[in-house]
Protein chains: 2
Amino acid sequence: MAQVQTRMTRQRAVILEELRKTKTHPTADELYSIVRERLPRISLGTVYRNLDFLADSGEIRRLEAAGSTKRFDGDISRHQHVRCVHCGRIGDVMTPREAPSVDGMDVEGFASVLNSRIEYDGICQDCAGRVRSTSH
Amino acid sequence: MAQVQTRMTRQRAVILEELRKTKTHPTADELYSIVRERLPRISLGTVYRNLDFLADSGEIRRLEAAGSTKRFDGDISRHQHVRCVHCGRIGDVMTPREAPSVDGMDVEGFASVLNSRIEYDGICQDCAGRVRSTSH
DNA sequence: CTGCCTGCAAACTGTTTGCACCAGG
DNA sequence: CCTGGTGCAAACAGTTTGCAGGCAG
């Protein structure tokens, strides 16, 4: 169950460092272009592999958010997210409400309920501006 | 802004009917194979187009759930979902907790917060059985 | 040295779209 | 009829993976 071995390659280190530095909850692609400025020859596959690795080992968080593209967060402290319904961008909620307990919850067809989470939908400032100018 | 015109084709009717009949919150693909039993020549593209259409016109609900594959719900009443962390399957929560209000919520970078929703993670019975037998 | 990790490219999955024909109202 | 909807296939976007060589420890 524990990791057999871990190699801190330059790629892995830079990915982790840049993810922790940014506050934008980037997709793998976005992080790829950020990291490429420091490691021009890194491949997208490596970014994916390391994001998976880092998420599995608990150093970063895979966001369980709606939307087609996965996003990642270098901040693993417990906090909640707003997601822009137009572009999928994610922001941090500063004053989180308590998510309800799942103790004793019983759902048909489910063996167990592990935890709950509050998700917020919103409109980010960029999209708000864009909608105002576009007829939509 | 209103729909210009709407044609209730056989395909659209069957898709809507089958989606309302099932309780499994199917993906487009799953619904495709259900519908194909009645309309063997229907195309997957048509299923996607109609799911989009029906969701936009409010007759069905696109589930804003985590996971890579979109799922749809023929039940548009307000209720909450548990999602299996292994297979993505979705179940209905029978006794929903109230989702917190978003009045006056302010998030940096966001113009507005529209609504909140509680999501539950769980393990469905199928996966629970499978995990027990597999070493994982 | 050893074998985990990388770059590269091809493969895959889920979804969208262009086009010519079809059929609902 | 007329124009939205359909089937089909090709195109896309995001992600995963096989392979040969590279580098961390």
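Since the model is a prediction, treat every value here as computed from it, not as a measurement. Below, read A as the first sequence line, B as the second, and so on, with proteins coming before strands; counting in each chain starts at 1.
- Residue A:M8 places its side chain closer to D:dG25 than to any other of C:dT6, D:dG7, D:dG25.
- Remark: B:E59 CD is packed, more than 12 non-hydrogen atoms of other residues, nucleotides or ligands lying under 6.0 Å away.
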Sub-3.5 Å pairs of nitrogen or oxygen atoms, protein against nucleotides 16-18 of chain C:
from, atom 1, to, atom 2, distance (Å)
C:dG18, O6, B:R49, NH1, 3.3

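- In this structure, B:R36 places its CZ atom 14 Å from C1' of D:dC8, rounding to the nearest Å.
- At the phosphate of C:dT6, OP1 or OP2 sits under 4.0 Å from a side-chain N or O atom of A:T9.
- The nearest whole Å value for the distance from the CG atom in A:L31 to the C1' atom in D:dG14 is 15 Å.
- A salt bridge between A:D92 and A:K23 is absent, with no side-chain N of the basic residue lying under 4.0 Å from a carboxylate O of the acidic one.
- In this entry the distance linking CZ of B:R41 with C1' of C:dC21 reads 13 Å, nearest Å.
- For the pair B:S68 and D:dG14, the criterion of a side-chain N or O lying under 4.0 Å from OP1 or OP2 is not met.
- For the 3.5 Å distance criterion, the side chains of A:H25 and A:D75 fail to qualify, holding no donor opposite an acceptor.
- Ion pair A:R62/A:E64 not flagged as a salt bridge, since none of the NZ, NE, NH1 or NH2 atoms sits closer than 4.0 Å to an Asp/Glu carboxylate oxygen.
- For A:N50 and D:dT15, the CG to P distance is 15 Å, given to the nearest whole Å.
- Among the nucleotides D:dT6, D:dG14, C:dC5, the one closest to the side chain of B:R12 is D:dT6.
- Going from atom CZ of A:F53 over to atom P of D:dT16 covers 16 Å, rounded to whole Å.
- Salt bridge B:R38/B:E17: present, at least one basic N to carboxylate O contact under 4.0 Å.
- Partner of A:D73 under the side-chain hydrogen bond (donor to acceptor under 3.5 Å, both in side chains) criterion, chosen from A:H81, A:R20, A:R61: A:H81.
- Straight-line distance from the CG atom of B:L39 to the P atom of D:dG7: 8 Å, rounded to whole Å.
- Nucleotides of DNA chain C nearest to B:F72 and B:R10 differ in position, and the one nearer the 5' end is that of B:F72.
- Residue A:D29 is out of contact with every strand shown, counting any heavy-atom pair closer than 4.0 Å.
- Within 3.5 Å, a donor on the side chain of B:R7 pairs with an acceptor on the base of D:dG4, or the reverse.
- Of the side-chain N and O atoms in A:Q11, one or more sit less than 4.0 angstrom from OP1 or OP2 of C:dG7.
- Remark: the backbone N or O of B:F53 is paired with a side-chain donor or acceptor of B:S57 at under 3.5 angstrom.
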